[in-house]
Amino acid sequence: PAYVPEVADAVLPDDFLWGVASAAFQVEGAVDAEGKGPSVWDLLPHRWVNAIADNTTGDISANSYYLYKQDNLRLKNLGIQSYSFSIGWARIFPFGRGPINGQGVQHYDDFFDDLEQNGIKAVVTLFHWDTPLALFDSYGAWTSEDIVADFVNYAKYVIERYDKYTTAWYTFNEPQYCNWRFSQYPFGTILPDYNGVGKGGGIRAQYLCGHYTLLAHAEVYKWYKNVYKGTKPMTFKNSANYVLANSTSAADAEAVQRVNDYNMGWFGGVWTDGDYPETLRSTLGDTLPTYTAEQKALIKGAADFYAIDAYTTYYAAAPPNGIAACVANRSDPNFPVCAVSDSVAPDGFPLGPNSDAGASWLYSTPGGVRPFLSFITKEYFPTVPSIVVSEFGFADPAESQFSTLPQILWDLRRADYIQSYLDNILAARVLDGVNVTGAFAWAIYDNYEWTSGLGTKFGLQYVNLTSQERHPKASMFQFLNWFQSHGLGKGSTANVSVPTYG
Ligand code: PNW
């Protein structure tokens, strides 16, 4: 069914980038194989009981470190154009810096080679949250400026070796998740405090991390373009959702602006003047580090396109005591964003079906992506030349709700989400004039969903965690058929008919 009937016959160009996505730690397993060093994500699930919802680890996950050849062949046979994946820093530099691990390099040599043999384009992320643990021991990782040189050193090595295989580069995944749940470590809980950020890390750790992340990105970008003379497009992946005001009040409009500033504006210096938005500066004061004039000049313009991981839509409202009271009170639970989000529309209806089972933040609201793409490129960052939806996706209901494999594979909620989401991306492109040049579904198959563990399933393919067999779900066929009906890929012969949610 066409969810946006006006685009039913629209055709995408051959250079539209499309495919499925993953991240090294979430799919590779083999966490101590062939000389890999530990990352924060190898230790956290083992050392801190209940840090992970189901207390699973990523030790094995989908085991793609060993199974990548069949995975790549499967992508080829499905007719998928591109694979967006990340490299494990600690596989190449087990200590984050210093000696190179030849076996880890050999693995990625083989991986890139195999992907190329299968005719699949590589879209590569250099860092997707698996911070080498040794960098905490030496200097507190992302809370220290030392991380910039170490990341640049790692990035140069990977880029020099794999640029010829790569279609597009992402330096970082979603840098605003610079917290213990994702790329940082629970300071003072397991590891000692570093750099005076205090027990628990606090927000200072998060803003130091964001600061050094953007600097590291800009350094890599400058080197890539000016020294290495790289020609592939490079950016980093942002995470933000479309946010609507809960009412027509000025306070709720300001709340929406604040949410956008904290999600996109924090790293938006690339598209503006190289600095932080005024919202962050006036709220955070000295908690927010400062860039020098030279650093701002480096950051400004340091990307070729905008990449957005956009999964859902929310309403936002000013906090109960008002924005000003929240901004003035650091112990306010809403500080520093000082906005509250709501998944129920002002008319009382929920935004869409909820993706329960570990992704309760995610509502099926595919219609939001169309105005969001316009908002980003025309209003929020008018200097953005083109935009790629670098991740979108939906999670299955809890596995306990299924008794047979066919039930798991018949993932109609996700198929519905994908079909509608892609139609809305296409509508943004052909009806609204947004230069959207790519779309990637999260995820290639079920994997380790960070603090939600292995129990939260985002895959377009099911992974049997005992046998390691993979099976495409209905959503995968829906995805393939959608691209075929808009001029790309070869589709699938599986007959998937998806009911709409109305
Ligand atoms: C992304 N949110 O993170 C990550 O890049 C993936 O590693 C992850 O598996 C995927 O989304 C699914 O969760 C997000 O709260 C984390 O809006 C949080 C949000 C969105 C994306």
Side-chain angles (χ1 to χ4, degrees), residues 20-28 39-41 44 52-53 56 58 61-62 64 83-88 123-131 170-184 206 213 235-243 259-260 262-264 266-267 307-316 337 339-343 351-352 354-366 368-369 372 388-396 414 417-418 421 439-461 463 475:
V20 289
S22 75
F25 181 72
Q26 295 181 270
V27 298
E28 284 182 352
S39 82
V40 295
W41 273 100
L44 179 63
I52 310 303
T56 54
S61 189
S64 70
Y83 183 28
S84 171
F85 59 92
S86 80
I87 307 271
V123 175
V124 187
T125 302
L126 295 172
F127 178 78
H128 196 126
W129 302 346
D130 44 357
T131 308
Y170 301 128
T171 51
F172 287 92
N173 183 66
E174 304 184 351
Q176 82 262 43
Y177 296 110
C178 270
N179 53 35
W180 68 263
R181 284 189 61 205
F182 297 118
S183 59
Q184 286 281 19
Q206 201 165 324
T213 298
T235 192
F236 57 91
K237 291 164 74 190
N238 293 273
S239 172
N241 295 307
Y242 187 48
V243 182
V259 172
N260 288 328
Y262 275 88
N263 287 331
M264 297 187 289
W266 182 0
F267 304 97
I308 184 76
D309 297 352
Y311 282 76
T312 190
T313 302
Y314 289 112
Y315 285 89
V337 182
V340 289
S341 62
D342 198 348
S343 55
L351 282 166
N354 180 242
S355 176
D356 47 21
S360 54
W361 55 273
L362 175 46
Y363 291 79
S364 184
T365 59
V369 74
F372 193 32
V388 167
V389 179
S390 37
E391 288 181 23
F392 68 98
F394 205 68
D396 288 333
R414 183 187 290 106
Y417 168 101
I418 284 185
Y421 199 102
F440 286 81
W442 182 272
I444 178 175
Y445 40 53
D446 296 336
N447 61 76
Y448 191 78
E449 177 58 13
W450 309 112
T451 49
S452 300
L454 290 168
T456 297
K457 316 279 188 180
F458 270 93
L460 274 65
Q461 300 178 83
V463 175
S475 58

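In each ligand, atom 1 is the first atom listed, and ligand 1 is the first ligand listed.
- At under 3.5 Å, not a single nitrogen or oxygen of Y314, backbone or side chain, sits near a nitrogen or oxygen of ligand 1.
- With contacts defined as side-chain heavy-atom distances shorter than 4.5 Å, the pair F172/T125 does not qualify.
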Report the C-alpha separation of W450 and H128 in whole Å, then their side-chain angles, then the decisive distance to 0.1 Å, and conclude whether the ring-ring contact (aromatic ring centres under 6.0 Å, His included) test is met. CA-CA 11 Å; W450 309 112; H128 196 126; 5.8 Å; yes
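- Taking each heavy atom of F458 and D446 in turn, the nearest pair found is N-OD1, 3.9 Å.
- Proximity to N241 (heavy-atom distance under 4.0 Å) selects the following atoms of ligand 1: 17 (O).
- Contacts between L362 and ligand 1, counted as non-hydrogen atom pairs separated by less than 4.0 Å, are absent for every part of the residue.
- Within the 4.5 Å cutoff, the side chain of L460 has no heavy atoms near those of the I444 side chain.
- Within ligand 1, counting atoms from 1 as listed, the ones closer than 4.0 Å to a heavy atom of H128 are 4 (C), 5 (O), 6 (C), 7 (O).
- Two rings, from Y311 and W361, have their centers less than 6.0 Å apart.
- One option in F25, F458, Y311 has a heavy atom closer to atom 10 (C) of ligand 1 than any other, and that option is Y311.
- Two residues are said to be in side-chain contact when any heavy atoms from C-beta on lie closer than 4.5 Å; F392 and F440 fail this criterion.
- Here's the thing with W442: one of its N/O atoms is less than 3.5 angstrom from an N/O atom of ligand 1.
- Contacts between S239 and ligand 1 below 4.0 angstrom, taking non-hydrogen atoms only, involve the side chain exclusively.
- Set against the non-hydrogen atoms of W129, the atoms of ligand 1 under 4.0 Å away are 3 (O), 4 (C).
- Numbered from 1 in the order shown, with element, the atoms of ligand 1 that lie under 4.0 Å from a heavy atom of E449 read 8 (C), 9 (O), 12 (C), 13 (O).
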